[in-house]
Amino acid sequence: RLHPLLNPPARRRVLEDEAADDLQGPGRGPRDSHRVRPNAAAAPAATRSARPAAASVSMEYDYDVIIIGCGVGGHGAALHADAQGLKVAVFAGGDVGGTCVNRGCVPSKALLAASGRVRDMSDTAHLKSMGIESHGVTFERAGIAAHAQQLADKVKANLEMSLKAKGIEIVADRGVLVAPNTVGLGNTGKKLTAKNIILAPGSVPFVPPGVECDEKTVFTSDGGLKLEFVPEYVAIVGSGYIGLEFSDVYTALGSEVTFIEALPDLMPGFDREIAKLAERILIKPRPIDYRLGVFASKVTPGIPGVKPVTIEMIDANTKEHVETIEVDACMVATGRSPATMDLGLENMDIETVRGFVQTNDQMQVLDGPDGKVVDGLWCIGDANGKYMLAHAASAQGISAVENMVGREHTVNHEHVPAACFTHPEVAFVGLNEAQAQERAEAEGWTLGKSVGHFRANSKALAENEADGVAKVLFKTETEEIVGVHIIGLHAADLIQECANAMAAGTTVREIAMMVHTHPTLSEVLDSAFKGAVGMAAH
């Protein structure tokens with residue numbers, strides 16, 4: 001009944017508490033198991049005799065925790081708060097699952113999976129190398145679009161069911177801050193109170209000035225995921241994660257793509273060495289060209305099959321007009337903005353920075369840049385801008401609840417992995433090489449680097465998917481891993497081992513001595529880890 005890792009004093013406290021509860025006897029009031037017990041409360045649910053009973057901390061409030069937003073971050077926070085015995089309500093605003101489930105991570109992976117099959121079955125040379133002959137492949141656009149929508153609907157339903165099954169109240173209205181510890185139900189005039197409020201409103205696509213989106217011929221990722229038609233020629237403004245993934249989908253389905261990137265390099269958020277390799281693997285062999293160092297200053301929607309979309313471009317530095325192109329469609333993938341406009345922050349005199357709510361490392365809201373903590377108010381996910389990824393939002397939600405119940409916790413965002421689900425995938429965790437070198441010079445340590453190659457891996461060769469590398473960056477003095485970057489088959493799955501190692505403080509030597517299954521893609525990492533400490537991989 002007790003977690004084996006509890007220290008003796010903690011075990012003794014739990015036994016004493018349980019004995020006191022047993023002496024209370026049946027019918028003498030609720031168990032006091034909702035009370036936070038350091039260490040003991042952190043034990044896995046399977047090791048505890050019963051889930052803490054939900055009970056309001058104070059009759060002064062309607063709930064212990066109100067969460068505004070029901071995306072991945074809000075959902076994770078709700079489940080964790082409930083597991084701590086807190087009474088929870090989630091203001092979903094009619095959007096259970098949020099951006100990730102309905103308009104982001106989930107449906108986009110369905111499009112990538114389906115279009116990836118089309119790409120694989122259309123690659124006659126690749127198939128022939130394995131003794132397979134293909135006589136062409138056809139696809140149904142509407143069927144691929146339906147696959148994405150059905151997946152989103154299914155995951156959304158599962159999320160909603162998981163909250164209801166635990167008795168967590170889902171409020172359909174959008175939550176608005178109206179006063180300390182008080183949330184209004186949209187424009188109804190009704191209010192609910194809570195000792196703690198977590199803001200998790202997520203984000204919306206950012207559309208630059210001069211770009212007119214009709215979500216038909218000029219669209220953000222919201223419209224692109226509907227896949228209402230497959231354009232013959234599509235421009236993608238921005239070459240980050242979203243733009244790169246959609247280029248993968250469109251080229252697999254037969255489109256030609258032009259990237260329009262304001263910065264001097266493609267894929268500006270990636271490690272430069274990995275980005276150059278990605279250009280060789282993901283851009284040059286495909287019907288993709290690009291314009292660098294230019295803004296799409298004016299984008300005018302068209303009419304499918306009748307009138308093209310017009311895109312005027314200006315030089316990013318001089319702002320002079322450089323080119324006008326006409327395309328069948330234009331996707332705007334220029335990042336995202338926090339959805340904090342109608343959150344009621346002004347009612348509590350909270351100042352944002354470009355819409356981002358400022359927080360400390362414990363996810364407590366500050367009243368402004370370098371401001372004071374607003375008691376009982378927390379913010380997680382895209383709205384705080386710390387790391388705009390769904391799983392980062394979930395981690396922040398759990399962390400906020402941990403701090404809420406008195407167990408100090410922070411999320412180290414350098415240990416949070418990220419992935420781009422192209423074919424092949426790109427993934428990383430920690431610092432890129434330029435950042436690591438800069439930090440090494442500033443802090444006085446030496447940067448080490450070791451690379452493993454997919455071309456030397458039996459599993460990758462069996463798949464005839466030998467393009468790619470895994471790059472490990474580490475401190476040579478302490479052998480601490482500071483970053484890992486992978487491009488290659490299933491990179492998004494491989495990166496998790498590296499993120500876990502970094503979070504656990506495992507050194508590159510320690511992980512080099514661990515056994516990796518043969519023959520698997522994980523041996524690409526094994527090769528890099530071993531190379532870092534002068535060992536040979538076979």
*Taking 4.0 angstrom as the limit, do Lys449 and Glu273 come out as a salt bridge?*
yes
*Has the side chain of Glu215 got a donor or acceptor atom that lies under 3.5 Å from a matching backbone atom of Gly223?*
yes
*asked:* Salt bridge or not between Lys156 and Glu160? Use side-chain N to carboxylate O under 4.0 Å.
replied: no
_What I'd like to find out is whether the side chain of Leu282 reaches to under 4.5 Å of the side chain of Pro424, using heavy atoms alone._
yes
*Mind checking whether His126 and Glu465 have side chains closer than 4.5 Å, heavy atoms only?*
yes
*Closest contact, heavy atoms only, Met363 versus Lys386*: CE-CD, 3.9 Å
*side chain to side chain donor-acceptor pair (under 3.5 Å) partner of Thr446, the single match among Gln437, Glu441, Glu477*: Glu477
_Minimum heavy-atom distance between Phe295 and Lys319, given as atom pair plus value_ = CE1-CE, 4.0 Å
_Quick one, Thr99 with Arg336, criterion side chain to side chain donor-acceptor pair (under 3.5 Å). Give me CA distance, side-chain angles, the key distance, then yes/no._
CA-CA 11 Å; Thr99 294; Arg336 301 185 65 83; 3.3 Å; yes
_Heavy-atom pair with the smallest gap, counting every atom of Ile242 and Ala333_ = CG2-CB, 4.0 Å
_Quiz question: by atom type and distance under 3.5 Å, do the side chains of Thr410 and Asp361 form a donor-acceptor pair?_
no
*May I ask you to check whether over 12 heavy atoms, not counting those of Gln496, lie within 6.0 Å of atom CD?*
yes
_Side chain proximity check, Asn102 to Pro107, heavy atoms < 4.5 angstrom_ = no
*Side chains of Val332 and Pro205 in contact at under 4.5 Å (non-hydrogen atoms)*: no
*Kindly indicate, with the supporting measurements, whether the criterion side-chain contact (heavy atoms from CB on, under 4.5 Å) is fulfilled by Leu447 and Lys475.*
CA-CA 5 Å; Leu447 175 64; Lys475 297 180 179 181; over 6 Å; no
*In terms of side-chain geometry, is the basic nitrogen of Lys128 or Glu133 positioned less than 4.0 Å from the acidic oxygen of its partner?*
no
*Please determine, by modelled atom types, if His321 and Ser297 share a side-chain donor-acceptor pair under 3.5 angstrom.*
no
*Give a yes or no answer on whether the side chain of Ser122 reaches the backbone of Val118 with a donor-acceptor pair at less than 3.5 Å.*
yes
_Nearest 0.5 Å, please: how far is CZ in Arg119 from OG in Ser115?_
7.0 Å
*Side-chain heavy atoms of Arg291 within contact of Asp289, under 4.5 Å*: yes
*Considering residues, nucleotides and ligands other than Lys298, do more than 12 of their heavy atoms fall under 6.0 Å from its NZ?*
no
*May I ask you to check whether over 12 heavy atoms, not counting those of Met535, lie within 6.0 Å of atom CE?*
yes
*Does the side-chain contact (heavy atoms from CB on, under 4.5 Å) test come out yes or no for Leu431 and Glu438, once each step is laid out?*
CA-CA 10 Å; Leu431 306 177; Glu438 182 179 350; over 6 Å; no
_For a quick test of reading the model, state the closest non-hydrogen atom pair linking Ala528 to Val451 and the distance between them._
CB-C, 4.0 Å
*asked:* side chain to side chain donor-acceptor pair (under 3.5 Å), that's the test. Do Gln396 and His413 meet it? Break it down for me.
replied: CA-CA 10 Å; Gln396 291 173 9; His413 292 93; 2.9 Å; yes
*asked:* Main chain of Leu263, side chain of Glu261: is a donor-acceptor contact present, judged purely on distance under 3.5 Å?
replied: yes
*Test: Asp526 and Lys530 ion pair at under 4.0 Å*: yes
*ring-ring contact (aromatic ring centres under 6.0 Å, His included) evaluation trace for Phe529 with Phe474*: CA-CA 10 Å; Phe529 295 140; Phe474 59 97; 9.7 Å; no
*SB check Lys109 Glu245 (cutoff 4.0 Å)*: yes
*Kindly indicate whether the side chain of Ser337, heavy atoms from C-beta on, has any atom under 4.5 Å from the side chain of Ser203.*
no
_Atom CD of Glu323: over 12 foreign heavy atoms under 6.0 Å_ = yes
*asked:* Are more than 12 heavy atoms, taken from residues, nucleotides or ligands other than Arg141, located less than 6.0 Å from that residue's CZ atom?
replied: yes
*How far apart are the C-alpha atoms of Thr258 and Val327, what are their side-chain angles, what is the distance that settles it, and do they pass the side-chain contact (heavy atoms from CB on, under 4.5 Å) test?*
CA-CA 9 Å; Thr258 291; Val327 294; 5.8 Å; no
*asked:* Testing the basics here: between Pro201 and Ala339, what is the closest heavy-atom pair and its distance to 0.1 Å?
replied: CB-O, 3.3 Å
*Would you confirm whether Glu523, through its side chain, and Thr520, through its main-chain N or O, come within 3.5 Å as a donor-acceptor pair?*
yes
*Between Arg509, Met514, Met513, which is the residue that forms a side chain to side chain contact (heavy atoms under 4.5 Å, CB included) with Ile511?*
Met514
*asked:* Please check: side-chain N/O of Thr334 versus main-chain N/O of Phe206, any donor-acceptor pairing under 3.5 Å?
replied: yes
_Rounded distance (nearest 0.5 Å) linking atom CZ of Phe454 with atom CD1 of Ile487_ = 9.0 Å
*Identify the two heavy atoms, one from Ala418 and one from Leu389, that lie closest to each other, and give their separation to 0.1 Å.*
CB-CD1, 3.7 Å
*Under a 4.0 Å N-O cut-off, is there an ion pair linking Arg439 with Glu414?*
yes
_Thr478 and Thr507: CA distance, side-chain angles, deciding distance, side-chain contact (heavy atoms from CB on, under 4.5 Å) verdict_ = CA-CA 8 Å; Thr478 63; Thr507 67; over 6 Å; no
_Any side-chain to backbone donor/acceptor pair from Asn384 onto Cys379? Under 3.5 Å, distance only._
yes
*Report yes or no: does Asp214 contribute a side-chain atom to a donor-acceptor pair with the main-chain N or O of Thr217 at less than 3.5 Å?*
yes
_Would you compute the distance between atom CG of Leu525 and atom CG of Asn457 and round it to the nearest 0.5 angstrom?_
9.5 Å
_Interatomic spacing from OG1 in Thr422 to CD in Glu425 - rounded to 0.5 Å_ = 7.0 Å
_Ring centers of Phe259, Phe246 separated by less than 6.0 Å_ = no
*In Å and rounded to the nearest 0.5 Å, what is the OG to CG distance from Ser134 to Leu127?*
5.5 Å
*Is the backbone N or O of His423 less than 3.5 Å from a side-chain atom of Asp248, with the two atoms forming a donor-acceptor pair by type?*
yes
*To the nearest 0.5 Å, tell me how far Asn464 CG sits from Leu489 CG.*
11.0 Å
*Any donor-acceptor N/O pair, His516 side chain to Val524 backbone, under 3.5 Å*: no
*Please work out whether the ring planes of Phe428 and His485 are parallel, tilted or perpendicular, with thresholds of 30° and 60°.*
parallel
_Any salt bridge linking Lys216 with Glu228? Criterion: basic side-chain nitrogen under 4.0 Å from a carboxylate oxygen._
no
*Kindly say whether Val472 contributes a backbone atom to a donor-acceptor pair with the side chain of Ser450 at under 3.5 angstrom?*
no
_Are Pro208 and Val211 packed together at the side-chain level, in the sense that at least one heavy-atom pair is separated by less than 4.5 angstrom?_
yes
_Pair Glu433 + Arg272, salt bridge at N-O below 4.0 Å_ = no
